[in-house]
Protein chains: 4
Amino acid sequence: MAKKSIALKNQKRNMIIEAAVHVFAEKGFFNANVHDVAQRAGIADGTIYVYFKSKDDLLISLFEQKMDGILDRFSKKLRTLSDPLDKLRTFISTYYQMIKEDKHLAEVFQVELRQSSKFLKDYHNQKFLDFLDMIASILQQGQQENFFRPELNIDIAKIMIFGAIDEVARQWILGAETKFSLEEACQQTSESLISGILNS
Amino acid sequence: MAKKSIALKNQKRNMIIEAAVHVFAEKGFFNANVHDVAQRAGIADGTIYVYFKSKDDLLISLFEQKMDGILDRFSKKLRTLSDPLDKLRTFISTYYQMIKEDKHLAEVFQVELRQSSKFLKDYHNQKFLDFLDMIASILQQGQQENFFRPELNIDIAKIMIFGAIDEVARQWILGAETKFSLEEACQQTSESLISGILNS
Amino acid sequence: MAKKSIALKNQKRNMIIEAAVHVFAEKGFFNANVHDVAQRAGIADGTIYVYFKSKDDLLISLFEQKMDGILDRFSKKLRTLSDPLDKLRTFISTYYQMIKEDKHLAEVFQVELRQSSKFLKDYHNQKFLDFLDMIASILQQGQQENFFRPELNIDIAKIMIFGAIDEVARQWILGAETKFSLEEACQQTSESLISGILNS
Amino acid sequence: MAKKSIALKNQKRNMIIEAAVHVFAEKGFFNANVHDVAQRAGIADGTIYVYFKSKDDLLISLFEQKMDGILDRFSKKLRTLSDPLDKLRTFISTYYQMIKEDKHLAEVFQVELRQSSKFLKDYHNQKFLDFLDMIASILQQGQQENFFRPELNIDIAKIMIFGAIDEVARQWILGAETKFSLEEACQQTSESLISGILNS
DNA sequence: GATGAATGAGCCTTCATTCAT
DNA sequence: AATGAATGAAGGCTCATTCAT
């Protein structure tokens, strides 16, 4: 019974998070009301506070929970591969796939996550750093195995790669000026990041 | 007299924008009060509204004005160059230089500009698109002159390049996990974007 | 439970309206703060907005609700009568009685209601027109039954009669220069409106 | 030169008052800005304060000045007449004529003047009482000369008569529900007030 | 006298959060 | 656990008034 109760509790908690993803994506964290989230979740405003300490806590919890899922997903995908180039290509394609599957979540992550450090005091976004380190691991392995240039600064490269694919994804989501498909974006960014843009 | 009056008005307007850059960078647009901006500018709250229609208008005006300066700066820098590779390297180094010179402005741009489309109804950020098109121009010229790969999709590449350098800049500003100098970042991203990360 | 809840809600709504009547009567709508009304009602400022959309809405709701009561009261009083002269005299005496019983409400109505058309966009004061039409009905019946002059323009007369008794009531409330009782006012205005001021 | 200067000063003062009449009539005293008035007068905001102590003072001055003109006008019209009935009919027709000639002024008087006692502390509207007393004088003379009923309470009747014609005028101005001309209104109210509505 | 930029007090309204039911 | 009415602090914005020019 206790187990079931916990499961139910988590279920409602997830419902709220799912509602928050939608509402925050649509209006942005600051323009969205707790009431909006509650309404979308089909519950009363006060109920939010049974599961979360505050509006900020809801956002952070959303990050953490979703990030766990994402880290898990990437981890599983990469585990089966051994070639660093395969890994990098898979990482990139998985990223775009994820964006495609859940635009709302992507919007919340890209926009709100960026400023989390500023408005959420004392929140150190460890999970995001873990995510970046997945790229770093691939690069490190690739460097050790002589795939990637030895003079590559991995701390910079991991950020650069993330920034590149993330910005392309954002512009695709925004839809403005988008004259490309995600598939093409995936192929193009992979190729350019790996081989550069030079015609050699 | 009229000239002087207009100059004075612009001077105060700029003072407010400068104050807003600092305050928005520190607290974020939503957490910052109009009072905070006024205080930093050394004026009364109401004076803000002599120069700007609303808090939103202040942010947009800040974007537009600063973007004009930035576009001008890049335009001048690139004008003297003819080699596409030189142009791209200069573009990237100028970007990092700009970030270094005015961290506050960079923060406002990177964080608040991103979500502008969401919370500022009917604001189409044309100036940002113009900025991206400066990269596109370089790429196009380079492609025509056979420097860059013919199969490169410029609409994607311009975004990718911007995303790459911008994210590296952001992480450098945030300071967290930053184990690199901007000079190194410049050299590394230029090299990787141009020649790729492959060890060939 | 639902019934009780609705009853309680209406009770509090009425409390606020009652407070608003007092405060608006004392200070006038524009000089009165929402805070004043809340304080008089013994609630927090924000609670006003649980029951009313805005300060304007509070005033309009006050009109509508009170007008409903007034229309009902007059309607009941007149229903039992058949003679048009009796009806008119009763209408007038009821008006003065009402004024006497609730000076505050009278002040709000006489002063604020007048300008409602100007400051409350899109508010068409239908209830007031209904009130005037109660006089019109009496006049019409009286005209048909040959009590009142056939050449009487009822659309003008109804307004004239209302204006006459309302202005006397207002001056009585203002107290300035008032050298008469409401009873006398009732008797005098009834007589003058019905028989004129001529000594015939 | 001093005289001329005073004349010029009065001219500008009048310009402001005229602008205020329009603006207050359109928007109501509270919804109208000093800026609106200044703009309509074609002067700077601050100039208002060269001629008037405050926004309230502007309204009061407007009343006083316009009332002087009105009292003068009525006084001149009535001076030539000797018959109390003629006087009363002339009073009423002059009132409607005045309304017709300057709707804006009429609106300001009818709406704003009413509440003056409430929002303008310590303002005793003596001129309005003088106006009412012009009616009282007519009634008194008529009563002494046996034209009007001896039991008529003049303090009540003067208010009643004013209220009657003023309300008809207001409804005519508002235009809503107005199915009559001012000429008809004049004839009807005169007749009804003098002879009553009874069919005798 | 005329100006209009600057002021800052004040107000309506929102909304995250609480708590009695 | 769930509710949603109530709270009250906080904030954007207005505008009558002032004053240096």
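Model, not experiment: these values are computed from the prediction. Atoms considered below: every heavy atom in the structure, side chains included; atoms not considered: hydrogens, waters and symmetry mates. Residue numbering restarts at 1 for every chain, and letters A, B, ... go by the order of the sequence lines.
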Worksheet entry | Nearest-Å distance for atom pair CG/P, residues N31(C) and dC12(E) | 10 Å
Discussion item. Test your reading of the model: is there a side-chain donor-acceptor pair from K55(C) to the backbone of A32(C), 3.5 Å cut-off?
Written reply: yes
Please tabulate, for side-chain N and O atoms in residues 61-69 of chain A, each donor-acceptor pair with protein atoms closer than 3.5 Å (sequence neighbours left out).
from: S61(A); atom 1: OG; to: D57(A); atom 2: O; distance (Å): 2.7
from: S61(A); atom 1: OG; to: D57(A); atom 2: OD1; distance (Å): 3.4
from: E64(A); atom 1: OE1; to: K127(A); atom 2: NZ; distance (Å): 2.9
from: E64(A); atom 1: OE2; to: Y123(A); atom 2: OH; distance (Å): 2.9
from: Q65(A); atom 1: NE2; to: N14(A); atom 2: OD1; distance (Å): 2.5
from: K66(A); atom 1: NZ; to: E18(A); atom 2: OE1; distance (Å): 3.4
from: K66(A); atom 1: NZ; to: E18(A); atom 2: OE2; distance (Å): 3.1
from: D68(A); atom 1: OD1; to: K127(A); atom 2: NZ; distance (Å): 3.2

Item to complete: Grab the CD-P distance between Q39(A) and dC15(E) for me, whole Å please.
Response: 13 Å
Practice prompt. State, to 0.1 Å, how close V37(B) and A19(B) come at their nearest heavy-atom pair, and which atoms those are.
Written response: O-CB, 3.6 Å
Worksheet item: Just how far, in rounded Å, is P of dT17(E) from NZ of K55(A)?
Response: 8 Å
Item to complete: Mind checking which stems touch DNA chain F? I mean at least 3 consecutive Watson-Crick or G-U pairs, both distances under 3.5 Å.
Response: E:2-21 with F:2-21
Item to complete: In whole angstrom, give the distance that lies between atom CD1 of I48(D) and atom C1' of dC19(F).
Response: 17 Å
Discussion item. With heavy-atom distances below 4.5 Å as the criterion, would you say the side chains of K12(B) and V50(B) are in contact?
Written reply: no
Item to complete: Quickly work out the D36(A) CG to dT14(E) C1' distance and round it to whole Å.
Response: 12 Å
Item to complete: Side-chain contact test, heavy atoms from C-beta onward, threshold under 4.5 Å: evaluate it for F52(D) versus I60(D) and give yes or no.
Response: no
Item to complete: Write out all pairs satisfying side chain to side chain donor-acceptor pair (under 3.5 Å) with one or both partners inside residues 44-54 of chain B, taking only residues at least two apart or from two chains.
Response: H35(B)-D45(B)
Worksheet item: Got a sec, which residues hit side chain to side chain donor-acceptor pair (under 3.5 Å) with N33(C), two or more places apart in sequence or on another chain?
Response: none
Worksheet item: NZ of K27(A) versus C1' of dA16(E): gap in Å, rounded?
Response: 15 Å
Fill in: Most 5' of A32(C) and V50(D) on DNA chain E, judged by nearest nucleotide
V50(D)
Discussion item. Within the 4.0 Å heavy-atom criterion, would you say Y51(B) contacts the bases, only the backbone, or no part of the nucleic acid?
Written reply: sugar-phosphate
Worksheet item: Separation of L59(D) atom CG from dA16(F) atom C1', in whole Å?
Response: 15 Å
Response to the item:
In whole angstroms, the gap separating P of dG1(E) from CD of Q11(D) amounts to 15 Å
Discussion item. Assuming nearest nucleotide by heavy-atom distance, tell me which of G42(D) and V34(C) is located more 5' along DNA chain E.
Written reply: G42(D)
Worksheet item: Any side-chain N or O of Y49(C) under 4.0 Å from OP1/OP2 of dA5(F)?
Response: no
Worksheet item: Looking at K12(A), does any N or O in its side chain come under 4.0 Å of the phosphate oxygens OP1/OP2 on dA2(F)?
Response: yes
Worksheet entry | Contacts of Q126(B) that satisfy side chain to side chain donor-acceptor pair (under 3.5 Å) - sequence neighbours left out | D130(B)
Discussion item. Below 30° counts as parallel, above 60° as perpendicular, anything between as tilted: where do the rings of F24(D) and F29(D) land?
Written reply: perpendicular
Please write out the pairs of protein N or O atoms and N or O atoms of nucleotides 8-10 of chain E separated by less than 3.5 Å, giving the distance to one decimal.
from: dG8(E); atom 1: N7; to: G46(B); atom 2: N; distance (Å): 3.4

